[in-house]
Each structure stands twice: as structure tokens, then as C-alpha cells.
Amino acid sequence: MTIRYSHSLKFSVLASVILAGCAQTRQLAVDYPTGESNDPKSAQSTKAHQFQALPGFASIDGDDYYVRLISEFDFKGDNVLKNGCDTITPSYKKSDLSSALIFNVRNNLLKFNNQATGFSYQAATGKCNFKFDAKKLNLTPWMRLDSGKETLVDYSVYSSANSDVDVSGIVSKVSTASNLLAFTGVGMGVAVLGQFAGQWFNNTQQAQAAPVTSTTANSSTESHSLPAIVSYSDKTGTLKETVFKVYAVAEGGINILSSDTKPLGELRIYPELTPSLLLKTKTDGIPDARDLSLNEISYLPVKSAAGEINLQQLIEQSKHPEKPNLKPDWNNYDNVQSNCRKLKLVMKDLGFNKFDRNAYIYYFLANNNDWKNYNITAQKIQSNNVNVKTLQNYRSKNFDNCLAVDDYAVMKTMGLPVNTESDWAQMGDTSQKKEQFFMPLKSIERQLVAVLKNANKAEMESQIFPLLNTAKNGDGTVLLQNHLGDFGLEKLLQAAPVPATPTGQTAPVASAPTLPSVLSPIPGAGLIINARQLVQVFSGLAINELSCARVIPEQLGKQSGNIGILLFTTQSGSPRAKGGAMEFEFSNGKINRIAFQSPTYRDFEQDVIDHPEVGGCHIDPAFLAKLH
């Protein structure tokens with residue numbers, strides 16, 4: 001018979017199965033949710049739970065959470081159906097009385113369709129001749145929030161006192177199909193979307209029974225829709241939980257307000273959220289992607305309708321037209337970037353959100369040196385003295401054909417060591433300041449090395465004269481010091497005859513007055529000499545190879561540096577066997593002091609070994625071996 005209900009009652013009865021002539025039989029009454037926003041009862045049956053955007057994110061964008069729908073029955077106290085039973089465990093012998101609440105869940109966007117039984121009740125004559133079944137069920141797999149919000153739920157209550165309507169058969173078939181959804185991949189589950197959603201639909205549609213649409217005098221069916229399970233906007237979202245209140249009604253319980261009407265429990269339909277299916281979650285709700293490897297994350301188990309499969313196999317077996325090669329040529333930037341983009345597209349199509357996608361992509365790219373260089377730390381830049389040109393090359397390979405600015409932000413939020421645009425801006429600013437620090441040194445170095453490599457003494461003097469200055473003797477003079485040992489420097493300082501100027505050529509630039517020949521040892525404070533004498537020293541040394549110039553270690557990290565040092569080797573026959581170091585002090589673009597040093601002076605040799613490159617000057621430690 002068709003059940004009628006009255007809005008004048010305290011609650012609405014959706015189904016109350018009454019079996020006439022069956023003594024001492026309990027029936028069920030269900031207070032169903034109206035879902036109407038203007039219905040005062042809806043506040044009792046539909047509960048709204050707020051959720052927020054994850055810390056560090058400006059809004060909820062639908063790509064940061066997964067959602068799934070759960071059906072669960074909560075008993076209220078003792079099971080009132082058992083009251084008065086003379087046995088501990090109720091038994092059931094097949095008879096005519098049966099009822100069930102069945103959900104039809106669909107998501108057209110994902111081509112997903114599923115039926116599940118909220119509860120089923122079968123009873124016959126006798127208080128203990130019944131069976132009530134209400135298991136906790138996953139009505140949907142995990143779905144990315146932007147897709148899951150499209151999920152719609154209809155529910156139908158079947159009630160029958162007619163053996164011609166096999167409600168128990170419907171329940172059995174629906175249960176067989178819905179049990180396939182009880183998978184959990186990686187401890188929580190994985191979205192079966194895209195290609196796999198289609199497989200799910202094909203695998204389950206034959207197992208699902210068609211809804212009962214006909215009614216007889218001894219049966220009833222009602223179908224309604226639940227409100228949307230989730231909605232979100234800006235920083236806040238709402239999860240909708242729906243509650244069906246179920247009552248046990250004594251035989252002949254037309255008056256459901258009588259004392260024989262007892263609350264059995266509540267059937268709750270509610271959505272759950274999680275930000276990741278593959279990763280652990282920190283206390284603030286953000287997934288933690290640290291301390292993993294490509295192998296670890298690739299072999300995480302995932303259970304789908306096709307059976308258990310690991311994440312790598314899930315990707316490799318995808319029929320996506322952009323299926324990636326998970327073992328590209330790691331030394332080829334373009335090849336790695338191309339497969340990175342394909343991997344991103346496939347994982348998104350499979351339903352993974354931005355956290356799980358970017359965690360996998362990070363460890364995929366970790367095999368590539370360009371990825372490591374792009375994410376170099378400021379500490380490594382400083383300790384390895386990476387120059388601006390090299391940094392620019394690192395930054396140019398930013399995988400922008402695969403990763404957007406937001407992807408780097410997500411990786412960083414998960415604790416992964418990546419450089420965002422702001423990190424690069426800060427490092428670029430630091431590098432620029434560092435470049436400016438070394439700029440005066442580089443200018444002096446270029447001019448000095450040009451002199452040292454010139455074999456023509458007259459040209460050397462013309463080049464070096466404007467580069468020298470002392471406060472005492474003015475332009476063209478320099479303070480010369482020797483801390484390299486007795487190698488005959490005094491003899492090199494003896495006045496040299498002025499070379500004759502060929503007819504028709506311009507005379508060399510006038511130098512400072514020639515100082516007396518130096519035969520006694522140079523004092524510890526040094527001796528001021530002129531440009532011509534300095535050229536005589538340079539030429540007499542017979543310099544062979546030159547290193548680039550670096551500031552002395554003591555000046556690194558200071559606001560300015562004005563003392564540079566370079567290494568030199570000598571040719572056969574030089575008064576200084578093998579070579580040494582030349583230290584030069586400068587100010588306002590001019591050299592004020594030149595000192596010959598041992599490479600170990602000021603711990604320079606060890607600094608070269610520890611830091612082969614400083615300020616763009618790379619000195620191979622092997623160069624030092626030539627000086628010993």
C-alpha cells in the first residue's frame with residue numbers, strides 16, 4: 001500500500017511499512033530531510049559545516065582539496081528493534097515485510113554513476129524475526145573538489161508487504177556494486193576519474209538494478225534529491241550533511257507519536273575533505289612532501305576498480321594522448337621539460353590535485369641538473385661564488401613550459417626547496433650588489449693584465465703610467481714592496497736606458513723623474529718607483545702565465561674591497577723560479593701599491609683550494625702546483 005504522511009505531525013513519515021495480520025512486528029518510520037531552505041524542518045535535517053582555504057592560500061580554488069561522500073548509520077542507544085527479544089541474536093526467516101533506502105549518486109562531469117543502500121530492513125511475525133543492515137559506505141571515490149562539487153544525490157525509499165516486489169533482491173545487487181567503492185589507496189583513496197571513471201562506470205552499470213518504479217497496494221516508493229554536498233567561494237566553503245531520522249514503530253503504529261515509537265538512530269550522509277591522497281599532512285593541514293624520492297612516491301599503492309596498482313603504473317597505463325616518458329634523457333633540458341608537461345596533464349586528468357601533482361613532479365625533475373641549478377640556494381651561491389652570468393643561465397631554465405608560478409608556490413608550501421620568483425629577485429639583487437663590489441677590481445685587473453702581457457716596454461710604460469698614483473709623488477708612481485723573498489728585485493730596479501724614438505713616431509708619455517738606481521735591499525715599508533722602473537721589473541721577471549685577480553680573503557663580505565691579488569708563473573731564466581703572487585692596492589681607479597707575495601700570504605693559497613671561484617674569478621688549484 002502507498003504510505004501517506006501529514007505535515008501536521010512532529011516529523012514527516014517517508015516510509016512506515018505496516019504488515020496487517022503479523023502479530024508483534026515492528027515497522028520503520030523515516031523522518032526524511034526536506035532540503036528546502038525555507039522549510040523550518042530543514043535546519044534539523046541538513047547541517048552546514050564550514051571549511052576554510054588552506055594556510056598560505058588566498059582562496060579555495062577547487063584544486064586544493066579532494067572530497068568524497070560517506071553514508072553512515074548512528075544507532076541511538078540500544079537497538080530498540082531487539083527490545084523484548086528472547087534471544088541475544090535476532091534471526092530472520094524470509095517473509096513479505098521489507099524496506100530499504102537506496103541512494104543514486106551521479107556526477108555527469110566525471111561520467112560517474114553509483115547506487116548504494118543506506119539501510120535495509122526485513123521482518124516477519126515475531127519481535128526477533130528481523131534483519132536490519134546499515135553499513136558505513138563510500139558513496140563516491142575521492143574526487144578533486146572542482147569536479148566533486150558537481151555530484152548529485154537522489155534517494156529512494158522502497159517499502160513492501162508484497163513478495164512480488166523483491167526489495168531484498170534490489171538491496172543485494174546494489175550492495176554488490178557499491179562494495180567495489182570500499183577501496184582506500186595509500187591509506188585514504190584515490191580519485192577514479194577521467195579514463196578510470198569510464199572503466200568504473202562500465203564495470204558497475206550491469207551490476208546495478210533498475211529502480212523500482214511501479215507500486216501496488218502493498219508497496220510504496222518515494223524519490224527525492226539531497227542538497228548539493230559542497231559549495232565554496234573565496235576563502236570559505238560549506239559542506240552539507242544530511243540526516244535521516246529513523247524510528248521503530250510497534251505493530252499497528254499508525255499513531256507514530258505514541259509511546260511505542262522509539263528512535264532507532266540517524267542515517268548520516270556527509271562529505272569528507274582531504275588535501276592529499278599521497279602525502280602526510282602537517283598540523284596546519286598543508287601536505288608535507290619532504291623526505292621522499294621518486295621511487296618512494298612512484299610505488300605508492302593505489303586501489304582502483306581495476307584492482308591495486310602503483311602510481312607509476314597508473315600513469316604508464318593511462319591512455320592519455322600526452323602520456324609521458326617517466327625515464328627521459330635527464331641531461332636534455334628540453335626533453336625533460338616536455339615530459340614534465342605531459343606528466344602534469346596526465347595527473348590532472350587522472351584527478352590528482354595540485355599538491356599530489358606537484359610533489360610527484362618535483363621528485364621527477366630532481367634527476368635533472370638544470371632543475372637543481374634553478375633551485376640553487378643563496379648559501380650555495382655565496383659559498384661557491386657563482387657569478388651573475390652563470391646565475392642568469394640557471395634562471396633561464398625555469399621549466400616555464402611545464403610549471404607556472406603557482407606550482408612553485410605550492411611546492412614551497414609543502415616544504416620542498418624550490419625558488420619562487422621572489423627568491424630569484426632577492427638572489428638577483430644580492431648578485432648585482434656583489435657584481436658591483438667586484439667591478440672596480442675587474443677594471444684594474446683588465447688594465448694591469450694588458451700591461452703584463454705586452455712585450456713592448458715602451459707601450460707597457462705608456463699603458464701603466466696613467467694607472468699609477470701615490471699621494472706622495474703623484475701620477476705615474478707606485479709603492480713597491482717585496483714579501484716574496486730575495487730573488488734579485490733590486491737589480492731589476494736599476495735604471496734602464498731610455499729607448500730611442502724612431503723617426504716619425506711620437507715620443508712615449510713622459511714619466512716621473514728617474515729615481516736613483518737601487519742596489520741596497522728594499523726596506524720593509526717599500527720604495528716609491530716610477531712607471532719605467534715598474535716596467536723594468538715586470539719585463540725582468542719574465543712572466544709566463546697569469547691567473548685572474550681576486551680580492552684578498554679578508555675583504556670578502558665587506559662593503560668595499562680595494563686590495564686584489566693574482567698568481568703568476570715565470571719563464572725559464574727568470575730571477576724568480578716558478579712564480580708567486582702579486583698583490584695590488586688601488587683607489588679611485590689607480591694603483592697605489594704593488595707587493596710581491598708568497599701565495600700562502602694572507603692564507604690566499606688555502607682560500608683558493610677551499611673556494612676555487614670568487615667573484616667570477618676561477619683559479620684551478622692545479623695552478624698552485626706550478627708555483628711550488
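Just so it is clear, the values below take in all heavy atoms, side chains as well, and ignore hydrogens, waters and symmetry mates.
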**Q.** Steps toward side-chain contact (heavy atoms from CB on, under 4.5 Å) verdict (Asn369, Lys372)
**A.** CA-CA 5 Å; Asn369 285 328; Lys372 295 175 184 176; 3.9 Å; yes
Q | Cationic N near anionic O, under 4.0 Å, Asp407 to Arg357 | A | no
Q | Phe364/Trp330 aromatic ring centres below 6.0 Å | A | yes
Q | Separation of Leu326 CG from Lys342 NZ (nearest 0.5 Å) | A | 11.0 Å
(Q) Do Glu150 and Leu110 make a side-chain contact, defined as non-hydrogen atoms from C-beta onward lying under 4.5 Å apart? (A) no
Q | Reported CD1-to-CZ distance for the pair Ile376 and Arg395, which is rounded to 0.5 angstrom | A | 13.5 Å
**Q.** Separation of Thr117 OG1 from Leu139 CG (nearest 0.5 Å)
**A.** 10.0 Å
(Q) Between Asp133 and Lys135, does any NZ, NE, NH1 or NH2 come within less than 4.0 Å of an OD or OE carboxylate oxygen? (A) yes
(Q) Keeping Lys235 on the side-chain end and Phe57 on the backbone end, is there a donor-acceptor pair under 3.5 Å? (A) yes
Q) Taking the side chain as C-beta and beyond, is there a heavy-atom pair between Tyr408 and Phe399 under 4.5 Å? A) yes
Q: Could you tell me whether the side chain of Thr236 reaches within less than 4.5 Å of the side chain of Gln52, counting heavy atoms only?
A: yes
Q: Assess whether side-chain contact (heavy atoms from CB on, under 4.5 Å) is satisfied between Val336 and Asn331, documenting all intermediate values.
A: CA-CA 8 Å; Val336 173; Asn331 296 317; over 6 Å; no
**Q.** Side-chain donor-acceptor pair present, Thr390, Asn393, cut-off under 3.5 Å
**A.** no
Q.
I want to check something: taking the side chain as every heavy atom from C-beta on, are Tyr362 and Pro417 in contact at a cut-off of under 4.5 Å?
A. yes
Q) Got Ser99 and Val157 here, is their nearest side-chain heavy-atom distance under 4.5 Å? A) no
Q) Shortest non-hydrogen contact from Gly118 to Ser71? A) CA-OG, 4.0 Å
Q) Does any non-hydrogen side-chain atom of His320 lie less than 4.5 Å from one of Leu350? A) no
**Q.** Backbone N/O of Ser147 and side chain of Asn107: donor-acceptor pair under 3.5 Å
**A.** yes
Q) For Leu278 and Leu300, which heavy atoms make the closest approach, and how far apart are they? A) O-CD1, 3.6 Å
(Q) Does Phe73 form a ring pair (Phe, Tyr, Trp, His ring centres under 6.0 Å) with Tyr121? I'd like the steps, not just the answer. (A) CA-CA 13 Å; Phe73 193 89; Tyr121 177 64; over 10 Å; no
(Q) Please check if the number of heavy atoms outside Lys389 that lie under 6.0 Å from its NZ is greater than 12. (A) no
Q | Aromatic contact, Tyr65 with Phe51 (centres under 6.0 Å) | A | yes
Q | Heavy-atom check, side chain of Lys348 versus side chain of Arg144, under 4.5 Å | A | yes
Q. Hey, what do you get for CG (Asp334) to NZ (Lys397), rounding to the nearest 0.5 Å?
A. 8.0 Å
Q: Might you point out which heavy atoms bring Asp234 and Ala58 nearest each other, and give the distance in Å?
A: OD1-O, 4.2 Å
Q.
Side chains of Gln317 and Ile309, heavy atoms from C-beta outward: is any pair under 4.5 Å?
A. yes
Q: Just do the side-chain contact (heavy atoms from CB on, under 4.5 Å) check on Cys617 and Ile619 with the steps written out, would you?
A: CA-CA 6 Å; Cys617 171; Ile619 300 178; 3.9 Å; yes
Q) Quick one: are the ring centres of Tyr360 and Phe352 less than 6.0 Å apart? A) no
(Q) Are there over 12 heavy-atom neighbours, none belonging to Gln606, within less than 6.0 Å of that residue's CD? (A) yes
Q.
Is it true that Tyr247 and Asp31 share a donor-acceptor pair across their side chains at a distance under 3.5 Å?
A. no
Q. What is the minimum heavy-atom distance between Lys282 and Pro287, and which atoms define it?
A. CE-O, 3.9 Å
Q. Distance-only, no hydrogens or angles: does the Lys323 side chain make a donor-acceptor pair with backbone N or O of Ile315 under 3.5 Å?
A. no
**Q.** From CA spacing to verdict: side-chain contact (heavy atoms from CB on, under 4.5 Å), Leu279, Met414
**A.** CA-CA 10 Å; Leu279 308 168; Met414 292 189 292; 3.8 Å; yes
**Q.** Nearest heavy atoms of Tyr374 and Asn419, plus distance in Å
**A.** O-ND2, 2.9 Å
Q | Heavy-atom pair of closest approach, residues Val346 and Glu322 | A | CG2-O, 3.7 Å
**Q.** Atom pair CG/CG of Leu345 and Leu343 - distance to nearest 0.5 Å
**A.** 9.0 Å
Q: Would you confirm whether Asn325, through its side chain, and Lys327, through its main-chain N or O, come within 3.5 Å as a donor-acceptor pair?
A: yes
Q | Worked verdict on Thr420 versus Asp423 for side-chain hydrogen bond (donor to acceptor under 3.5 Å, both in side chains) | A | CA-CA 5 Å; Thr420 62; Asp423 293 322; 3.1 Å; yes
(Q) Applying the salt bridge (charged side-chain N to carboxylate O under 4.0 Å, His left out) criterion to Lys354, which one of Asp406, Asp63, Asp61 satisfies it? (A) Asp61
Q | Glu241 side-chain N/O to His49 backbone N/O, donor-acceptor pair under 3.5 Å | A | no
Q | Asn295 (side chain) donor-acceptor with Ser298 (main chain) under 3.5 angstrom | A | no
Q) Atom OH of Tyr363 and atom CG of Asn358: how far apart are they, to the nearest 0.5 Å? A) 12.5 Å
